[in-house]
Protein chains: 2
Amino acid sequence: MTKPSHSIDAVERDVGLTKDVLRKWERRYGFPSPGRDCHGDRVYSDDEILRLRLIKRLIDQGRRPGALVALDRAQLEQLLESAGDVAPSQCPIAADVARLLRDRRVPELRTTLNQLLLRQGLRHFVQDTIAPLNVAIGEAWLRGDIEIAEEHLYTEQIQTVLRSAIAMQTGAGASPRILLTTLPDELHALGLLMVEAMLVCEGATCIALGTQTPAADLGAIGEGNAFDVLALSFSSAFPRRRAVDGLIALRTRLPASIPIWVGGSGISGYRPTVDGITVFRNLDSIVPALQQWRSRGLS
Amino acid sequence: MTKPSHSIDAVERDVGLTKDVLRKWERRYGFPSPGRDCHGDRVYSDDEILRLRLIKRLIDQGRRPGALVALDRAQLEQLLESAGDVAPSQCPIAADVARLLRDRRVPELRTTLNQLLLRQGLRHFVQDTIAPLNVAIGEAWLRGDIEIAEEHLYTEQIQTVLRSAIAMQTGAGASPRILLTTLPDELHALGLLMVEAMLVCEGATCIALGTQTPAADLGAIGEGNAFDVLALSFSSAFPRRRAVDGLIALRTRLPASIPIWVGGSGISGYRPTVDGITVFRNLDSIVPALQQWRSRGLS
DNA sequence: CTTCCAACTTTGTCCAGGACAAACAGTGCG
DNA sequence: CGCACTGTTTGTCCTGGACAAAGTTGGAAG
């Protein structure tokens, strides 16, 4: 029996909803309805946390909380599957990886990943192995099948593998030089790293700024002429409206000679209304875009 | 002239003080005293942000806010220097690195770092180059000499260099197997990576769990017998009391055969009251400890 | 003179309830 | 069918207060 005592602070970190939102929902919808400890502080149950995780993900997909809070776990999972976001068991090695993570068999895990990397090459490794694996591991966490510690362990290993592969491929300042980052508030390092791997793999030079770069800084950097392309990535947790607004603001501030490339599930389906913004639906499409950029540069 | 408009949300992210704390201070001490925009929301000035950064760091060193809020920037900087925490210009290459960061000359930066790594070897590279460089860059940010974007860029490059070096050195499961992480709330990835580099460099196997591992998970993991040593790192931002309490709790939960190693500026000066906890004052002392562990294992 | 305990002060986190603009979902008109 | 307008939903910020945990101080006891 696990003890169902989670403070509002722990829930905020775990689920990713702020304390203000958690309290507002409780008042407005009656969910969650945590108990209270001896100080009158909220105490959330395991079930509430799992439901909140599911609801959070559905909201990130564009749904609204009002209609979700009444549903139970099974219904929420059904909704998620119907969205096609999660394609269960699409990833053949996911089960093996999850087992290695649970048993903390790190050397074996790293060996497995490195072998796959060697066999498939960096590009296909990222597209066909890492991408579906990320989805599978994220879903395992959502279900409560693995702990946060295990997800951290996973992230660490993937980072190590990708970063060393990137370091090995990186030449000496080949063009185009691509500035790679996200808008402020955005925080999904792994997605950025995957894009960087794809780009480096095709001979580009990446200047990765990490996550949460202030927008003002980006504009200022553009004037330095230190890069040829600005690439941005948005996770699904990022509100689309803010992404679009930020994009347009950036577009007007940057010189027209610098194209903006955008990707990530937070922006999929968006049709740019301005010239000079390209949206990528998947990792594959980066490669032809790079080739096109190069030939355009020569013509 | 920079526009001095920062929302409370931006300040929270930049400085690392929660909205609740910022409002409490304003009411209690009269500092900060932000203006208000047309909606009545707080608007902080650049100077307030810089002072708040300095105050935050002093608090992390163990001081208390009441006596700090009345001081101006010069006085706060003096306090920081008198604490000896910041040894200015101890790092000869810091100025060069800062310039490369500002100009976004990433390939040169990476070349510089890699050359130093080759010349010094991983161990001395971490001790003599990265460690003082981190301090210098942190101080540059504190002073407002570099932007957050540049600090991100720095972190990215260091991560890449260290992670590839680690990946290269990692053999196939040599002992001891060391579980490396921090307690929850702790979030300084670079420090962990430096420790990992030192350990791997001496032939140990690291199971790096990343930051913010829930304490409950750590206890559970101990029973799996998947590692020989538990290593924890605390940054100075972590309240010492919670570190000590967490340590003792962990010590009672883990089998006595697994030593706990602790380091980081957040715990320096602590004398363990229980057997089976070792505190490291600096990165050097890890190496003899490893050798001692090995010889103990053989005897 | 040091050690230890109790009372007091400081400080961060949580709580309640309210205001409000931005985002979203319709609805009717051209 | 597209577009402007209106109503509802929703997240963030606000004020002001309660309280325990952490830190400090003063005095009694060794």
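A salt bridge does not link D72(B) to R51(B): none of the charged nitrogens lies less than 4.0 Å from a carboxylate oxygen. Of the charged side-chain nitrogens involved, at least one lies within less than 4.0 Å of a carboxylate oxygen, so that R143(B) and E139(B) count as a salt-bridged pair. Between R251(B) and D275(B) no salt bridge is recorded (no basic side-chain N to carboxylate O distance below 4.0 Å).
If you measure from atom CG of L22(A) to atom P of dT13(C), you get 17 Å, rounded to the nearest angstrom. dT11(C) atom P lies 13 Å from atom CZ of R63(B), rounded to whole Å. Computed from coordinates, the E12(A) CD to dT13(C) P distance equals 11 Å when rounded to whole Å.
Under a 3.5 Å cut-off, the side chain of D20(A) and the backbone N or O of R23(A) do not form any donor-acceptor pair.
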* Asked: Could you write nucleotides 10-16 of chain D as a row of B, S and -, 5' to 3', where a protein heavy atom under 4.0 Å of any base atom gives B, of only sugar-phosphate atoms gives S, and otherwise -?
  -> BBBBSBS

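Paired with R53(B) under the rule salt bridge (Lys or Arg N to Asp or Glu O under 4.0 Å), one option of D46(B), D47(B), D60(B), D14(B) passes, and it is D14(B).
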